[in-house]
Participant: 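Just passing along the structure, written as structure tokens.
For ligands, and for the atoms within them, numbers begin at 1 and follow the listed sequence. Residue numbers count from 1 along this sequence. Fair warning: this is a prediction, and the values are worked out from it, not measured in the lab.
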Amino acid sequence: MNNYIQKFPNSRLRRLRKSSSIRSLVEESKISISDLIYPIFITYKDSRTAIDSMPGMNRITVDETLDLAQELYSVGLRAIALFPEVPFEKKDILGKEALNPENLICQSIRKIKKAVKELVIISDVALDPYTPSGHDGIFDGKEVDNDETIKILCKQALVNTEAGADIIAPSDMMDGRIGIIRKHLDSNNYKNTLIMSYAAKYASEYYSPFRDAVSAETSLGIDKKKSYQMSFANINEALREAALDIEEGADILMVKPGMPYLDVLSRIKNTFNFPTFSFQVSGEYSMLMSSINKNFFQKEPIILETLTCFKRAGADAIFTYFAKEAAKIINNGEYN
Ligand code: PBG
């Protein structure tokens with residue numbers, strides 16, 4: 001490589017930055033609207049409610065999902081992810097409401113699929129919105145049971161697939177999820193339903209606003225989710241997680257959170273060359289929005305910068321609460 005480097009004054013890298021047109025010619029990474037996935041919160045209440053910890057985001061009703069889905073598709077977005085806010089009286093230790101074909105998620109999936117067939121629906125397979133503890137699995141007050149929980153997750157995956165979900169995303173990050181769910185879907189004739197593995201999901205404080213959004217965190221205990229989600233100190237372990245999930249049949253890998261974990265994203269993408277997504281999580285959104293609302297940051301450039309950084313690090317697609325806003329910015333041609 002050194003042989004190709006010419007020294008100043010022959011080389012002036014600023015020539016490549018001279019104008020917006022030149023800059024766009026040599027641009028290495030670019031986000032497209034169809035790379036973005038919009039997470040949607042659905043409430044059991046009669047009307048939408050604002051999520052205090054996520055300025056600008058609402059929990060919407062099942063009926064409202066329809067208009068929103070149409071709007072998102074019309075601006076060019078191609079995928080959404082659904083998360084429910086379940087009333088406390090419907091929560092129990094086994095998360096049984098997750099298996100109800102009439103629950104908020106299944107109702108919304110059917111409604112959206114009927115009207116906007118091409119919009120890809122990603123359904124989160126985990127029990128945290130459905131258990132009183134807020135844990136992702138069966139919790140006896142001390143431990144979350146890995147192997148008993150997977151039995152319920154298989155059923156949840158199937159119920160969501162039957163409702164019309166395109167991608168099943170087991171987000172509890174525990175052991176053996178991908179292979180066992182794959183087998184369960186296959187034996188029920190859903191060989192073509194995709195599975196996205198939350199391969200490297202870190203136990204993160206950045207999820208706090210999300211837990212507020214789905215009214216989940218009530219009694220996680222002092223270690224919160226550290227006995228199943230990864231330690232933020234580790235990256236070799238993330239590679240092991242990804243390798244296992246690929247072997248078990250994952251179609252897509254995911255790294256989460258996003259911005260503080262771009263090194264993990266990059267390592268996983270470069271190691272496996274596998275479809276790899278990332279999630280700009282609730283806490284990242286909240287941090288950015290707080291600064292935007294105080295005029296410390298200008299909204300459009302900070303959105304484009306953060307999302308382009310995900311692409312540069314190797315993300316094929318990005319979950320982001322800014323998806324709708326980003327689509328508007330890109331459609332208006334304000335890019336560059
Ligand atoms: C639940 C789940 C979480 C997120 C997505 N699915 C929270 C958690 O693991 O506690 C976080 C998303 C976000 O913070 O935006 N299994």
Participant: Where's the contact between Asp136 and ligand 1, heavy-atom distance under 4.0 Å: side chain, backbone, both or neither?
Facilitator: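 The part of Asp136 near ligand 1 is the side chain, not the backbone.
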
Participant: Between ligand 1 and Gln280, can you find any atom pair, the residue atom being a heavy atom, that is separated by under 4.0 Å?
Facilitator: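 No, that is not the case, since the closest heavy atom of the residue is not under 4.0 Å from the ligand.
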
Participant: Closer than 4.0 Å to some heavy atom of Phe279 - which atoms of ligand 1 meet that?
Facilitator: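 The atoms of ligand 1 under 4.0 Å from a heavy atom of Phe279 are 12 (C), 15 (O).
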
Participant: Going by the atom numbers of ligand 1, which of them fall below 4.0 Å from some non-hydrogen atom of Tyr207?
Facilitator: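 Those of ligand 1 that fall under 4.0 Å from Tyr207 are 8 (C), 9 (O), 10 (O), 11 (C), 14 (O).
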
Participant: Under 4.0 Å, heavy-atom basis, I'd like to know which part of Tyr285 is in contact with ligand 1: side chain, backbone, both or neither.
Facilitator: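 Contact part for Tyr285 vs ligand 1: neither.
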
Participant: Please state which protein non-hydrogen atom is closest to atom 16 (N) of ligand 1 and give its distance, to 0.1 Å?
Facilitator: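 Heavy-atom neighbour on the protein nearest atom 16 (N) of ligand 1: Ser171 OG, 2.8 Å.
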
Participant: Output yes when Asp212 and Arg59 qualify as a salt bridge under the 4.0 Å nitrogen-oxygen rule, no when they do not.
Facilitator: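 Result for this pair is yes, salt bridge flagged.
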
Participant: I'd like to know if Lys91 and Glu97 make a salt bridge, using a cut-off of under 4.0 Å between side-chain N and carboxylate O.
Facilitator: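 Salt bridge: no.
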
Participant: With heavy-atom distances below 4.0 Å as the criterion, list the atoms of ligand 1 near Lys225.
Facilitator: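 In order of numbering, the contacting atoms are 8 (C), 9 (O), 10 (O).
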
Participant: Ala126 heavy atoms, cut-off 4.0 Å: which ligand 1 atoms fall inside?
Facilitator: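 Near Ala126, the atoms of ligand 1 are 16 (N).
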
Participant: Could Asp35 and Arg78 be called an ion pair, given the rule that one side-chain N must be under 4.0 Å from one carboxylate O?
Facilitator: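 Looking at Arg78 together with Asp35, the answer is no, because their closest N to O distance does not fall below 4.0 Å.
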
Participant: Glu248 side chain to Ile178 main-chain N or O, any donor-acceptor pair under 3.5 Å?
Facilitator: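 Yes.
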
Participant: Which residue owns the protein heavy atom closest to atom 5 (C) of ligand 1, what's the atom, and how far is it?
Facilitator: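 Of the protein heavy atoms, Lys256 NZ, 2.6 Å lies nearest.
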
Participant: Looking at Arg177 and Asp175, would you say the former's side chain and the latter's main chain have a donor-acceptor pair under 3.5 Å?
Facilitator: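 Looks like yes, one N/O pair under 3.5 Å.
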
Participant: Take the angle between the ring planes of Phe83 and Phe210 and call it parallel below 30°, perpendicular above 60°, tilted in between.
Facilitator: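 Perpendicular: the ring planes of Phe83 and Phe210 meet at over 60°.
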
Participant: What atoms of ligand 1 come within less than 4.0 Å of a heavy atom belonging to Lys201?
Facilitator: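 Contacts of ligand 1 toward Lys201, numbered from 1: 1 (C), 2 (C), 3 (C), 6 (N), 8 (C), 9 (O), 16 (N).
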
Participant: If you measure every N or O of Tyr198 against every N or O of ligand 1, does any of those distances drop under 3.5 Å?
Facilitator: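 By distance alone, the answer is no.
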
Participant: Answer yes when Lys224 and Glu205 have at least one side-chain N-carboxylate O distance shorter than 4.0 Å, and no when they do not.
Facilitator: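 Between Glu205 and Lys224 there is a salt bridge, with a charged N closer than 4.0 Å to a carboxylate O.
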
Participant: Look at atom 14 (O) of ligand 1 and say which protein heavy atom is nearest, naming residue and atom and giving the distance to 0.1 Å.
Facilitator: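 The answer is Ser282 OG, 2.7 Å.
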
Participant: For a quick check under 3.5 Å, do Thr320 and Gln280 share a side-chain donor-acceptor pair by atom type?
Facilitator: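 Checked: Thr320/Gln280 side chains pair up, N/O donor to acceptor below 3.5 Å.
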
Participant: Looking at ligand 1, does any of its N/O atoms fall within less than 3.5 Å of an N/O of Asp172?
Facilitator: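 N/O-N/O distance under 3.5 Å: no.
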
Participant: Determine, considering heavy atoms only, which of Phe319, Phe210, Phe83 sits nearest to atom 3 (C) of ligand 1.
Facilitator: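 Minimum heavy-atom distance to atom 3 (C) of ligand 1 goes to Phe210.
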
Participant: Does any donor atom in the side chain of Asp124 or Tyr198 lie under 3.5 Å from an acceptor atom in the other side chain?
Facilitator: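 Distance-only check passes for Asp124 and Tyr198.
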
Participant: With the threshold set at 4.0 Å, does a side-chain nitrogen-carboxylate oxygen contact exist between Lys113 and Glu118?
Facilitator: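 No.
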
Participant: Please state which protein non-hydrogen atom is closest to atom 15 (O) of ligand 1 and give its distance, to 0.1 Å?
Facilitator: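 Ranking protein heavy atoms by distance from atom 15 (O) of ligand 1, first comes Tyr321 OH, 2.6 Å.
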
Participant: Tell me the protein heavy atom at minimum distance from atom 1 (C) of ligand 1, and give that distance in Å.
Facilitator: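 Heavy-atom neighbour on the protein nearest atom 1 (C) of ligand 1: Asp128 OD2, 2.9 Å.
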
